[in-house]
K.L.:
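Quick one: this structure, given as structure tokens, is what I'll be asking you about.
Naming: A, B, ... by sequence-line order, numbering from 1 per chain. What you see below is based on every heavy atom in this structure, not just the backbone, and it leaves out hydrogens, waters and symmetry mates.
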Number of protein chains: 2
Amino acid sequence: MKAFPAIRASAKLRKAAPAPAETRFDRRLSEILDHATEVFCDKGYEGASMRDLSRASGMSLAGLYHYFHSKERLLYLIQKHAFTTIVEHLKERLKGITDPEQCIRVFIQNHLDYFVTNQSGLKVLAHEDEALKNGFSSEISGIKRAYYRICLGLMEDLKRERALDFNSRTAVMSLFGMINWIYTWYNPRVDGSAADLARQMGDIFLGGVGRRVVPSRKHLSMSSRAVRGRSREPALSAVEGASEGSAVRRRTNAAG
Amino acid sequence: MKAFPAIRASAKLRKAAPAPAETRFDRRLSEILDHATEVFCDKGYEGASMRDLSRASGMSLAGLYHYFHSKERLLYLIQKHAFTTIVEHLKERLKGITDPEQCIRVFIQNHLDYFVTNQSGLKVLAHEDEALKNGFSSEISGIKRAYYRICLGLMEDLKRERALDFNSRTAVMSLFGMINWIYTWYNPRVDGSAADLARQMGDIFLGGVGRRVVPSRKHLSMSSRAVRGRSREPALSAVEGASEGSAVRRRTNAAG
DNA sequence: TCATAGTTCGAACGTTCGTTCTAATCATAA
DNA sequence: TTATGATTAGAACGAACGTTCGAACTATGA
């Protein structure tokens, strides 16, 4: 409701074909998790009440507690599932790819793919990072650390192959910032597909913004071209903030 | 307390020399704002209770309400002050600088400078972005939009001068991601000064990570060198997450 | 058909929430 | 000293919080 209209739009169910040995319990829990993810996305973990979750999932307050022990454990389940999914998909997609640059592009693509098909999920992951207390947070931190280390490894591979010299930690964290921050601004109508964004962010991260673009690899999809045309405007005298711009559609809650 | 130990460490008072015409009320309110910023940083806006704020600022619950009408207005005051300060500093520092690349580097430096000297403030700004309801959020959104538009203008200047072709909105948002996400991972003991980080992030954003570095501009400060040495490790076989790494000190809550 | 296990619910628990009331305290100038 | 307005605090408000309990429902196999 409140938070970010674009995000709420296209949340889909978790699975198209449920696993055969899936019990009724598992199925129902999964539904609750999906609904809860939406609510946490909208109102934040602390801001969402169990009664909100009850309303969203069409189940009574007490009924919810048949599926998890506490609100905190619910967040834990959501985060664990989301993170595990991302890491699994990533490992799968990285198999067989050897070129370090390509690996990093796959990493970005995988992350953004998950976000675009499961926007609320990534927001809950990124935004409610510190919401869990010590007991619950440690396992999530573990998965998170593994994810971080995968990316760090890719970065080191790139450095070694090209004899580069940069701070890997800063690079990884900068990349995480780029791809996670997206939950605050992404609007599918304006910003195109995940593939579009992944290519753009890959270009920026790997090649920087301040260089002439060599139009290699079947560049410039339709949608990114459309967006690009939009921002061709005077744009100087920026410091004395001009009038309403058109490039930002929904909410420019990007800064800060 | 809870959130991010490194952030809590070095928060300083807002002003060294108070303005002459500053009333007792203003001074006291400013103190409360500082304490509240710390608490919001640690527990989040929703998670922090008025009683927490009361405890932190050493004032009774009822006494707080002499200085603001509601908890929400308190957050509004914090965000407005922080944002206004950042934008003012930026405008000041951009004066006289004409080279577009240098302007963007100044933008990054200004943002990170504010963060390092006022860590809790930027976190509250970045993390509690959506906490304000419609009435309060509109004015903050305005300042935010102005800040965004400044950066967008710098980006367009760079594009024009060098005849570049990239999506300005994506570029600006990516940059915001890089410099805002820092609140989730920055540790002064590991990551060096704001100037260090600003240079590194400027290099990445402008030149990309995947290029040989020309060691121009008095490169490589002490602290960044120290960090760099640390992460010189095997680093391959990344996909099957290896054992505990040493590059991440405090918490690797960077991902997801 | 009945017993059983799994599922759902209404109602309430004790606690904490943001906020307000009224009165007491403080600083200051006359 | 006294009068005055700014500041602070104790106690309480109703509302909402996360959670629990026991009873009622429902599906399933015997």
K.L.:
Take atom CZ of B:Phe25 and atom C1' of D:dT8, then tell me their distance rounded to the nearest Å.
P.N.:
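In whole Å, D:dT8 C1' lies 13 Å from B:Phe25 CZ.
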K.L.:
List the atom of A:Leu152, the atom of A:Arg169, and the distance in Å for their closest heavy-atom pair.
P.N.:
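Where A:Leu152 meets A:Arg169 most closely, the heavy atoms are CD1-N, 4.2 Å.
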K.L.:
Round to the nearest Å and state the distance from B:Met59 atom CE to D:dT7 atom P.
P.N.:
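Between P of D:dT7 and CE of B:Met59: 10 Å.
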K.L.:
What are the two closest heavy atoms between B:Ser54 and B:Ser60, and how far apart are they?
P.N.:
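In this case the closest contact between B:Ser54 and B:Ser60 is OG-C, 3.7 Å.
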K.L.:
Going 5' to 3' along nucleotides 13-27 of chain C, which nucleotides have protein heavy atoms under 4.0 Å from the base (write B), which only from the sugar-phosphate (write S), and which from neither (write -)?
P.N.:
----BBBBB------
K.L.:
Would you please indicate yes or no on a ring centroid separation below 6.0 angstrom for B:Phe107 and B:Tyr147?
P.N.:
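Between B:Phe107 and B:Tyr147, which both carry aromatic rings, the centre distance is below 6.0 Å.
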K.L.:
I'd like to know if the side chain of B:Asp34 pairs up with that of B:Thr37 as donor and acceptor (distance under 3.5 Å, no hydrogens or angles considered).
P.N.:
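Result is no, nothing qualifies.
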K.L.:
Do the charged groups of B:Glu88 and B:Lys91 touch, with an N to O distance under 4.0 Å?
P.N.:
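No salt bridge links B:Glu88 with B:Lys91.
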K.L.:
Between the side chains of A:Tyr183 and A:His127, is a donor N or O closer than 3.5 angstrom to an acceptor N or O?
P.N.:
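Their side chains do contain a donor-acceptor pair, which is all the 3.5 Å distance test asks for.
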K.L.:
With the side chain of B:His66 defined as its heavy atoms from C-beta on, choose the nearest nucleotide among C:dT7, C:dC9, D:dA6.
P.N.:
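Among the listed nucleotides, the one closest to the side chain of B:His66 is D:dA6.
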K.L.:
With sugar-phosphate meaning primed atoms plus P, OP1 and OP2, does A:Phe68 contact a base, only sugar-phosphate, or nothing at under 4.0 Å between heavy atoms?
P.N.:
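No contact at all - A:Phe68 keeps every heavy atom at 4.0 Å or more from the nucleic acid.
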K.L.:
Rounded to the nearest angstrom, tell me the gap between atom CG in B:Leu29 and atom P in D:dT7.
P.N.:
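So the two atoms are 11 Å apart, to the nearest Å.
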K.L.:
Rounded to whole Å, how long is the line connecting atom CG of B:Leu64 with atom P of D:dA9?
P.N.:
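Interatomic distance, CG of B:Leu64 to P of D:dA9: 9 Å.
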K.L.:
Nearest whole Å is fine: how far is D:dA9 C1' from B:Ile32 CD1?
P.N.:
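It works out to 14 Å between those atoms.
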K.L.:
So among B:His35, B:Arg27, B:Arg28, which one has a side-chain hydrogen bond (donor to acceptor under 3.5 Å, both in side chains) with B:Glu31?
P.N.:
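Looking at B:His35, B:Arg27, B:Arg28, the match for B:Glu31 under the side-chain hydrogen bond (donor to acceptor under 3.5 Å, both in side chains) is B:Arg28.
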K.L.:
What closest approach, in Å, do B:Tyr45 and B:Lys71 show between heavy atoms, and which atom pair accounts for it?
P.N.:
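Between these two residues, the closest heavy atoms are O-NZ, 2.8 Å.
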K.L.:
Return the stems involving DNA chain D, sorted by first number, where pairs are Watson-Crick (N1-N3 with N6-O4 or O6-N4) or G-U wobble (N1-O2 and O6-N3), both under 3.5 Å, and runs are 3 or more long.
P.N.:
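Stems (3+ consecutive pairs) listed as C:1-30 with D:1-30.
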